[in-house]
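Everything quoted here is computed from the prediction, not taken from an experiment.
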Amino acid sequence: MTGVRTRFCPSPTGMVHVGLLRTALFNWAHARHTGGAFVFRIEDTDAARDSEESYRHLLDSLRWLGLDWDEGPEVGGPHGPYRQSERSEVYREVAGKLLEAGHLYESFSTNEEVEARRLAAGQDPKLGYDNADRFLTDAQKAAFRAEGREPVLRLRMPDEDLAWTDLVRGEVRFAAGSVPDFVVVRANGAPLYPFVNPVDDALMGITDVLRGEDLLPSTPRQLALYAALQDVGVAAGTPRFGHLPYVTGEGNKKLSKRDPTSNVDAYRERGFLPEGFANYLALLGWSIAEDRDVFSMAEMAAAFDVTRVSANPARFDVKKAEAINAQHVRALPADDYVAAVLPVLAGAGLVADPPTAEQERVLRAIAPMAQERTVVLSDVVGLLGFLFTEDVEVDPAAAAKNLRPEDGEVLAAAAAALRDLPGWSTPAIEQALKDALVEGLGRKPRQAFGPVRVALSGRTVSPPLYESIELLGRERTVRRLEAARELTAS
RNA sequence: GCCCCCAUCGUCUAGCGGUCCAGGACGCCGCCCUUUCAAGGCGGUAGCACGGGUUCGAACCCCGUUGGGGGCACCA
């Protein structure tokens with residue numbers, strides 16, 4: 001397959017939805033896999049809801065995920081402009097051609113009139129427009145205009161079944177007559193989405209349209225429009241369509257825009273890696289192999305086949321997304337991990353920006369042990385914070401569990417063993433603590449090291465103890481042990 | 001109401017007529033390793049919605065039922 005051109009054409013309203021980003025990802029992957037082009041177009045025809053901020057945010061989100069576009073905003077291309085708000089002339093011209101060729105006609109019926117006619121005929125008003133204005137005479141039109149009415153433009157639907165072979169679902173068919181003539185241009189001259197979207201696709205040479213399942217019922221109209229567009233020489237052909245399954249939330253409902261778990265930013269802020277998040281998104285409807293589900297963007301591009309996308313709706317499962325992300329975090333080269341984590345620590349005020357040499361040394365030393373405990377980047381604030389503060393705030397729950405009155409002796413013994421330890425190294429620290437606590441006090445390892453861990457890190461979960469102690473240094477270690485000992489007394 | 005889409009473990013999926021008493025992953029439950037928590041290793045739990053066909057043979061093909069979802073704007 002060559003010459004494939006896919007597109008992603010969101011409207012800049014509000015936040016970026018995970019389902020939207022999944023659609024972008026699949027279009028990108030399909031283009032990359034086939035060696036085609038990925039076009040990015042902004043459908044900002046709704047001035048009331050669109051915002052410049054949201055537009056910027058859209059570009060930023062695509063770039064964050066690693067989706068590069070060949071044509072579109074900020075990169076240009078031969079079919080621009082790529083923002084619909086700048087293409088009004090184009091639509092006016094195309095509508096003119098279609099009207100002249102008789103594919104479009106002027107319609108004066110109001111919704112109330114249509115409904116009244118349906119009711120009078122004993123039909124369900126839900127059926128919509130009744131094609132009543134199809135053959136208005138010039139005299140009739142003049143009469144309506146004399147009343148001060150301005151017409152909308154409607155597309156004359158063909159009297160035949162509208163069917164296509166969907167890339168993900170196979171043949172889909174709508175019976176002739178089941179789709180009424182639809183409005184293409186408003187009375188005030190403003191073109192509508194069902195018109196501008198195919199017009200732009202045609203003009204931009206789009207060959208493959210991968211979009212959400214919610215748009216499937218509007219495909220017959222697009223097909224009819226395409227036929228008209230070809231007739232007047234605007235379109236070269238009809239694109240292939242592939243309708244991607246819904247991304248659902250809890251329950252089986254389509255993931256609502258109001259559901260906080262649908263906002264891509266939430267994942268970004270928690271520190272999902274772009275590759276990890278893209279990997280999970282790809283799993284929503286696609287799989288790379290029978291026994292494998294962790295892969296890179298490059299691997300996805302190499303293997304992606306739209307035809308193998310599942311038609312089933314997919315539930316967004318945060319737990320699995322985290323598990324996939326954690327695998328990407330663990331696979332990071334150490335330097336990359338440090339680089340990724342530094343801004344997070346700086347953002348939490350734990351290290352300077354840029355970090356001091358000492359802070360960087362500590363981070364590099366603990367990184368390999370922290371890495372395998374990091375699911376999302378923001379985890380490091382809690383996991384490593386104790387290494388970058390003078391004193392530590394002990395988590396009350398951890399204290400209740402491991403800083404009980406009987407644990408005081410452990411802390412005292414640990415402090416004593418470390419206060420004058422010759423040689424401050426991980427092995428020396430390990431030996432000293434084992435001697436003092438396990439041998440000396442006869443405590444089980446669990447009973448011995450639990451209190452020490454809480455005293456030093458403030459939590460029951462931390463990187464390996466001895467290494468942490470070495471990095472903490474003698475002074476802070478002893479001070480924290482003594483401070484914790486006072487807590488056991490209370 | 002009308003039209004359309006979907007139907008394999010709790011979840012995401014593999015399966016494209018025999019190699020499937022259905023494979024992987026997440027989750028969950030054990031065990032091992034271990035200074036904690038993870039990671040890692042090993043094992044376990046759990047599924048072809050139902051009914052008819054077609055066929056020597058059906059998770060896979062067809063029809064129906066049921067269930068779920070979506071669309072029916074001068075919004076995108």
Indicate yes or no for a side-chain donor-acceptor contact from [X] to the backbone of [Y] under 3.5 Å, with no hydrogens or angles considered.
{"X": "A:His243", "Y": "A:Gly212", "result": "no"}
{"X": "A:Asn279", "Y": "A:Phe295", "result": "yes"}
{"X": "A:Glu372", "Y": "A:Arg330", "result": "no"}
{"X": "A:Arg49", "Y": "A:Thr13", "result": "no"}

[X], nearest nucleotide to its side chain (from [options]):
{"X": "A:Leu216", "options": "B:rA76, B:rG24, B:rC4", "result": "B:rC4"}
{"X": "A:Glu467", "options": "B:rA39, B:rU35, B:rC6", "result": "B:rU35"}
{"X": "A:Asp293", "options": "B:rC6, B:rU11, B:rA25", "result": "B:rA25"}
{"X": "A:Lys319", "options": "B:rA76, B:rC26, B:rC5", "result": "B:rC26"}
{"X": "A:Pro445", "options": "B:rC74, B:rA76, B:rU35", "result": "B:rU35"}
{"X": "A:Arg186", "options": "B:rG69, B:rC74, B:rU35", "result": "B:rC74"}
{"X": "A:Pro464", "options": "B:rC75, B:rU36, B:rG70", "result": "B:rU36"}
{"X": "A:Gln327", "options": "B:rA76, B:rC26, B:rG70", "result": "B:rC26"}
{"X": "A:Ala323", "options": "B:rC12, B:rG70, B:rC26", "result": "B:rC26"}
{"X": "A:Val172", "options": "B:rC4, B:rG69, B:rC12", "result": "B:rC4"}

Looking for any heavy atom pair under 4.0 Å, which part of the strands does [X] touch: base, sugar-phosphate only, or nothing?
{"X": "A:Arg373", "value": "base"}
{"X": "A:Val183", "value": "sugar-phosphate"}
{"X": "A:Leu215", "value": "base"}
{"X": "A:Thr248", "value": "nothing"}
{"X": "A:Arg308", "value": "sugar-phosphate"}
{"X": "A:Ser11", "value": "sugar-phosphate"}
{"X": "A:Arg330", "value": "sugar-phosphate"}
{"X": "A:Lys126", "value": "base"}
{"X": "A:Phe174", "value": "sugar-phosphate"}

Pairing of A:Lys401 and A:Asp395 as salt bridge, 4.0 angstrom limit: no
B:rU36 base / A:Arg453 side chain donor-acceptor hit below 3.5 Å: yes
Taking any strand in view, what nucleotide pairs with [N] in a Watson-Crick or G-U wobble way, both distances under 3.5 Å?
{"N": "B:rC20", "value": "none"}
{"N": "B:rC26", "value": "B:rG10"}
{"N": "B:rG40", "value": "B:rC32"}

A:Leu284 CG - B:rA25 P separation (whole Å): 19 Å
